[in-house]
A.B. asks: 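One structure, pasted below without further comment.
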Amino acid sequence: MPRIGFPELIVILVIALVLFGPGKLPAMGKAVGETLKEFKKATGELMGGNSTVASTETKAEVKAETEAGTKMEAKIEDIKRKDVK
């Protein structure tokens, strides 16, 4: 299968610009990028090599949520102290 070179890529981008206009191209590029990201993530999970990455991401999310909750509780306590005075 032949590879796409720089000239071919330019032609494809010009055609896409004409078809969709400059307003929709960034949104379409973002959608394509997210789709590829999800596809890579799903294939990695199917292969079993991504289990440690998934658990690390989960731990990071839990830690961030816990820190956010602690900060919110501190703010609530400060507001209560100000209301009591």
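Atoms considered below: every heavy atom in the structure, side chains included; atoms not considered: hydrogens, waters and symmetry mates.
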A.B. asks: Hey, could you give me the CG/CG distance between L25 and L13, rounded to the nearest 0.5 Å?
C.D. replies: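 One finds 8.0 Å between CG of L25 and CG of L13.
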
A.B. asks: Taking atom NZ of K37 and atom NZ of K30, what is their separation to the nearest 0.5 Å?
C.D. replies: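 So the gap between those two atoms works out to 10.0 Å.
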
A.B. asks: Which residues pass the side-chain contact (heavy atoms from CB on, under 4.5 Å) test with L19, not counting sequence neighbours?
C.D. replies: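 Checked L19 against side-chain contact (heavy atoms from CB on, under 4.5 Å); matches are I15.
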
A.B. asks: Atom CD1 of residue position I4 - does it have more than 12 heavy atoms of other residues, nucleotides or ligands inside 6.0 Å?
C.D. replies: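 No, because the 6.0 Å sphere around CD1 of I4 holds 12 heavy atoms or fewer from other groups.
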
A.B. asks: Would you name the heavy atoms of P26 and P22 that are closest together and state the gap between them?
C.D. replies: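 In terms of heavy atoms, the two residues are closest at CD-O, 3.3 Å.
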
A.B. asks: Hey, could you give me the CE/OG1 distance between M28 and T35, rounded to the nearest 0.5 Å?
C.D. replies: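 Rounded to the nearest 0.5 Å, the CE-OG1 separation comes out at 10.5 Å.
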
A.B. asks: Rounded to the nearest 0.5 Å, how far apart are CG of L46 and NZ of K41?
C.D. replies: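 Output value for this atom pair is 12.5 Å.
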
A.B. asks: Give a yes or no on whether the backbone of G5 and the side-chain of E8 come within a donor-acceptor separation of less than 3.5 Å.
C.D. replies: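 Here the side-chain-to-backbone pair exists.
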
